[in-house]
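In what follows, a structure is listed as structure tokens, so that the remarks can point back to it.
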Amino acid sequence: MFSAEFPWLTAVIALPLIGAFAIPLIPDKYGKNIRNYSLTIALINFCLIVYGFWQNYSIYDTNFQLQESYSWFPQIGLTWSLGVDGLSMPLIVLSGLISTLAILASWQVEKKSKLYFFLLLVLHSAQIGVFAAQDLLLFFIMWELELVPVYILISIWGGKKRLYAATKFILYTALASIFILVAGLAMAFYGDNFTLNMAELGMKNYPIALEVLAYVGFLIAFGVKLPIFPFHTWLPDAHSEASAPVSMILAGVLLKMGGYGLIRFNLEMLPDAHIKFAPLLVILGVINIVYGAFTAFAQTNLKRRLASSSISHMGFVLVGIAAFTDLGMNGAMLQMLSHGLIAAALFFLSGVTYERTHTLMMDEMGGMAKSMPKTFALFTAASMASLALPGMSGFVSELSVFLGFAQSDAYSSIFKVVVTVLAGVGLILTPIYLLSMLRVVFYGENVTGLKLDGFQLDAKPREVFITVCLIIPIIAIGLYPKLATESYDLKTVQVASKTRASLEVIVNHSVENIPANFTIAEINN
């Protein structure tokens, strides 16, 4: 049962889903049995994820591992095909951790608790399915499946403008995801053999026109989820109205699906088109970094400020994957993992603060450090990680992206200087808006009329435990990055080498096709 032949990936996808459909059968008047049951399912699944990878996954193999393939719907070529490599394995572990903590963070949910925890478990299953799917149609089904629970979770358990935020979320993400299907099917039908297997799609030789069109389709679909400017406007609304546990999953896992999709589809499958669009990705990444940082200053709503911060931090992912260097790709992956942990901690703590103050408006808070010292300490630690304090994971990931891009031979020196300076502006602004957030919320005098719950005002042991579970890996990765990077390092090197190889071919055979920002120098491995 515990050998490599055991269907580990099917098990960790099916367990939350089967567990979710058993919830209506559980008698529970006050919701306690449901939350205990849901947490147990999530914990068991997380243990299965960790144990399965620990025993059967090799960090020295860049090929897909733990592969499973079962014919599901042969009439349309749909196959239950699963597998993991260095790109997907760390993100599945991240998903398992954050989803489990989000369920633990939902301890106070009493309104329609059966439906609430049902949706969380379905969402957890769909997340793993996205990262593990090796069939294009299965990937699309899982991608669409995760949209529905998020929409319902926001529209029922959200804030005053929850219907507006939920509708905006589903319109942006659902419409954009159509491009995955269109671009993917265009690739599947090209050539003599029709295939939906993602590995086989990556081995086809496409004409450059088809590559470009498919690349644009994937860029739109994954760019909305990342999110990339100007497709980002759904994110602040969704975060400001979603409950804290939903925001944990939204920022910690769902945004990473966009980055994962860009690497898996745009870079791995379409390296020639990536060469043409890489300068654009760098420019969009810099816009994300600077725009998100400046926008954060304008936000007086605590969660909207954190949402703008997420937009800024995800810009580093774009710069990293367009750097054409091993270090840049490595930094992009680490940034996704690091931001997932940091953002989940910050959004959870914003929910802890909201439960005590009943407001998210920072100008209605103040002087809370004395009455909530534990929350203040945890919020400060998470904020320090977000502003890339040395010794925290955010510092290592952002530094890797900077150095990876600076070392790239694919861009002119002027272009690299301009990008580095502008991204540096974003780095300078980040500590300013985060420290000012801490000052407004926790320092000074209490605002007159602020209603604080008298019963155990400060963070409870459960809340401290959730935050510590996120901060410990943040510090551990910051002090010893190999804890994370070793799991995907060889894979990111392989992906970066593939894009550099395509760049060399174009340099050697078709100089006029090089974008203006590229040099003609030979690219070094």
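Numbers here simply count residues along the sequence, with the first being 1. Note that the structure is a prediction, hence the values are computed from the model and not measured.
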### No-hydrogen, no-angle side-chain donor-acceptor test under 3.5 Å, T357 and E364
no
### Under 3.5 Å side-chain donor-acceptor pair for Q407 and T325
no
Is the shortest heavy-atom distance from the side chain of [X] to the side chain of [Y] under 4.5 Å?
X    : Y    : value
L91  : L337 : yes
L235 : L255 : yes
S383 : L346 : yes

More than 12 foreign heavy atoms under 6.0 Å from [atom1] of [X]: is that the case here?
X    : atom1 : value
Y37  : OH    : yes
F402 : CZ    : yes
F297 : CZ    : yes
K114 : NZ    : yes

Short question: side chain of [X], backbone of [Y] - any donor-acceptor pair under 3.5 Å?
X    : Y    : answer
W143 : M257 : no
K303 : P236 : no
Y488 : N330 : yes
S88  : D85  : yes

### Message
Determine whether R439 and Y443 satisfy the following criterion, side-chain hydrogen bond (donor to acceptor under 3.5 Å, both in side chains), listing intermediate values before the conclusion.
### Response
CA-CA 5 Å; R439 176 182 57 80; Y443 288 92; over 6 Å; no
Assess the pair [X] and [Y]: is the distance between their ring centroids shorter than 6.0 Å?
X    : Y    : value
Y354 : F347 : no
H232 : Y291 : yes
Y260 : F131 : yes

### Message
My understanding is that only one of S310, S393, S397 makes a side-chain hydrogen bond (donor to acceptor under 3.5 Å, both in side chains) with H339; could you say which?
### Response
S310
Evaluate the ring planes of [X] and [Y], with Trp represented by its six-membered ring, and classify them as parallel (under 30°), tilted (30 to 60°) or perpendicular (over 60°).
X    : Y    : result
F222 : F139 : perpendicular
H313 : F316 : tilted
Y116 : W157 : perpendicular
F442 : F376 : tilted
F118 : F21  : perpendicular

#### Entry: K460 bridged to E355 by N-O distance under 4.0 Å
no
### Working for side-chain contact (heavy atoms from CB on, under 4.5 Å), residues V352 and L378
CA-CA 11 Å; V352 172; L378 295 171; over 6 Å; no
### Task
Carefully, step by step, assess L120 and S38 under the rule side-chain contact (heavy atoms from CB on, under 4.5 Å).
CA-CA 9 Å; L120 283 185; S38 301; over 6 Å; no
### Message
side-chain contact (heavy atoms from CB on, under 4.5 Å) for V440 and M365? Distances and angles first, verdict last.
### Response
CA-CA 7 Å; V440 172; M365 304 180 191; 5.8 Å; no
